[in-house]
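These notes are about the structure you will find just below.
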Amino acid sequence: MTSTTTRTARTATLVAPRSLEVFDEELPAIGATDVLLQTLYSGISAGTEMNVYRGSAALWRTRRDPDNGLFEPTDEPEWTYPMAYGYAAVSRIVEAGAEVIEVSVGDLVYTYTSHSSAAVVPAASVIVLPPLDDPRIGVLNANLNTAYNGVLDAHPNLGDVVVVSGLGVIGLIQVQLLRRLGVRVIGVDGVAERRALAERFGAEVTLEPGDHVAREVRALTNNRGADIVIEVSGASAALNEAIRIAGYNGTVIAMSWYGGSFENLSLVGEFHHNRPRIISSQVGGLSPDLGPLWSLKRRQEVVSSLMGELDLEPLITHERPIEEAAEAYRIVDSRPNDLVQFVLTYTD
């Protein structure tokens with residue numbers, strides 16, 4: 001039967017740039033095709049989510065035209081405060097509508113929902129997670145999809161030299177994926193702890209960022225440069241250096257949802273003369289080079305299998321309860337050296 005019981009959830013809510021509060025939110029009734037979720041964990045994104053938190057994401061100032069796909073400045077932007085955000089929740093299904101057949105009460109699931117202690121969502125929108133010794137790993141589902149999608153866009157060949165610039169969660173996952181493909185991996189990050197993790201995961205060399213990286217990569221490749229550079233840091237200077245690092249006719253995969261300005265970006269020297277291709281990798285779509293046999297569903301199937309195969313537990317470095325979400329966001333925003341993935345926890 002459809003539930004008519006009123007429930008509330010504790011929800012982390014953005015109320016202004018870099019300002020977050022936790023409120024009680026009333027949940028809707030459970031419809032015939034809905035499920036009620038009790039959240040166990042949710043992950044805070046250090047990339048996209050921080051752009052939202054800081055107020056630098058484009059949708060605070062623009063609105064996307066659904067017909068032509070353009071983002072236009074407007075006095076009525078897509079997003080307004082207060083707003084709950086987040087897209088990495090691991091939950092248990094505790095109640096299901098009368099017509100739900102694809103999932104069951106008790107299933108461990110992932111949802112692209114905000115940081116909230118409970119949620120009512122369509123059953124068709126949940127992703128059933130594989131058996132996990134540590135259910136916290138499930139919060140990395142979106143990161144795994146993003147990282148894997150970047151590798152699919154890059155399409156590396158056996159023996160390629162691939163530079164991963166930015167060794168956060170996504171970059172460190174990509175190091176592991178690329179090594180499984182027989183690729184030589186060079187990691188770039190300013191944090192020694194992250195460089196050490198990349199080397200643990202198979203990076204041949206790791207370097208601190210700067211305009212010396214392009215020269216050092218050429219010294220490691222008989223002056224060829226990298227076949228592929230995957231830029232995951234979100235910094236304009238890093239994207240500019242990625243163009244310099246790539247060899248002649250090389251490929252740069254731009255992974256980040258870049259915020260801020262791009263005064264450092266130069267399309268003069270290496271970009272013009274070395275003919276690199278810059279490819280935007282956005283997780284909502286797949287490379288057209290993959291062909292009709294590939295789909296988002298197939299990608300998710302691969303990601304679910306990878307959860308049990310990759311070394312993911314070292315990526316989860318910080319935890320706080322939902323009541324301390326404001327402090328958790330401040331910590332992620334400040335990017336301490338020992339941070340990789342921050343997880344919010346929930347209790348009954």
Side-chain angles (χ1 to χ4, degrees), residues 45-48 50 143 146-151 153-154 156 159-181 183-248 250-260 262 264-266 269-271 274 276-281 311 314-315 317 335-341:
S45 157
T48 294
M50 284 300 102
N143 303 104
T146 300
Y148 182 42
N149 207 54
V151 173
D153 279 320
D160 274 353
V161 174
V162 181
V163 173
V164 179
S165 172
L167 299 172
V169 177
I170 292 170
L172 288 169
I173 291 171
Q174 287 181 325
V175 170
Q176 295 190 53
L177 295 177
L178 291 164
R179 287 300 300 131
R180 290 165 68 94
L181 297 174
V183 167
R184 293 177 61 196
V185 179
I186 298 171
V188 180
D189 198 281
V191 178
E193 290 87 344
R194 295 177 190 168
R195 294 197 301 272
L197 271 175
E199 291 173 9
R200 167 178 168 175
F201 295 151
E204 178 180 314
V205 177
T206 58
L207 305 169
E208 293 190 56
D211 59 10
H212 60 94
V213 174
R215 293 190 298 274
E216 294 197 42
V217 170
R218 277 165 174 75
L220 292 166
T221 58
N222 294 322
N223 270 335
R224 291 191 306 270
D227 299 280
I228 299 166
V229 185
I230 302 179
E231 206 301 289
V232 205
S233 75
S236 61
L239 181 58
N240 194 61
E241 188 66 8
I243 293 169
R244 298 184 66 236
I245 294 167
Y248 188 80
T251 300
V252 174
I253 304 295
M255 297 286 303
S256 298
W257 190 16
Y258 293 93
F262 268 69
N264 293 314
L265 186 62
S266 170
E270 292 83 9
F271 177 75
N274 292 344
R277 294 171 296 162
I278 302 177
I279 297 174
S280 170
S281 180
D311 189 5
L315 303 182
T317 56
R335 295 178 181 266
N337 287 351
D338 59 343
L339 172 70
V340 182
Q341 177 63 62

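As the structure is a computational prediction, the values presented were derived from the model and not from experiment. Positions are given from 1, in the same order as the sequence printed here.
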Qualifying residues under side chain to side chain donor-acceptor pair (under 3.5 Å), relative to Glu204, sequence neighbours excluded: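 Partners of Glu204 under the side chain to side chain donor-acceptor pair (under 3.5 Å) test: Arg184.
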Results of side chain to side chain donor-acceptor pair (under 3.5 Å) for Ser256 - residues two or more places apart only: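 Side chain to side chain donor-acceptor pair (under 3.5 Å) list for Ser256, sorted by chain: empty.
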Can you see which heavy atom on [X] is nearest to which on [Y], and at what distance?
X      : Y      : result
Leu197 : Pro314 : CD2-CB, 4.0 Å
Val188 : Pro209 : CG1-CA, 3.7 Å
Ile230 : Met255 : CG2-CG, 3.6 Å
Ser281 : Gly150 : OG-CA, 3.5 Å
Ala203 : Val175 : N-CG1, 3.9 Å

Using a 3.5 Å distance criterion without hydrogens, assess whether the side chain of [X] forms a donor-acceptor pair with backbone atoms of [Y].
X      : Y      : value
Arg218 : Asn222 : no
Asn240 : Ser266 : yes
Gln174 : Ala147 : yes
Asp227 : Val161 : yes
Arg195 : Asp189 : yes

Qualifying residues under salt bridge (charged side-chain N to carboxylate O under 4.0 Å, His left out), relative to Glu241, sequence neighbours excluded: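 In terms of salt bridge (charged side-chain N to carboxylate O under 4.0 Å, His left out), with neighbours along the sequence ignored, Glu241 is linked to Arg244.
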Test side-chain contact (heavy atoms from CB on, under 4.5 Å) applied to Leu172 and Leu167, Val232, Asp311, the passing residue: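 Among Leu167, Val232, Asp311, the one meeting side-chain contact (heavy atoms from CB on, under 4.5 Å) with Leu172 is Leu167.
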Val151 and Leu181, any side-chain heavy atoms less than 4.5 Å apart: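 Of all side-chain heavy-atom pairs linking Val151 with Leu181, at least one is under 4.5 Å.
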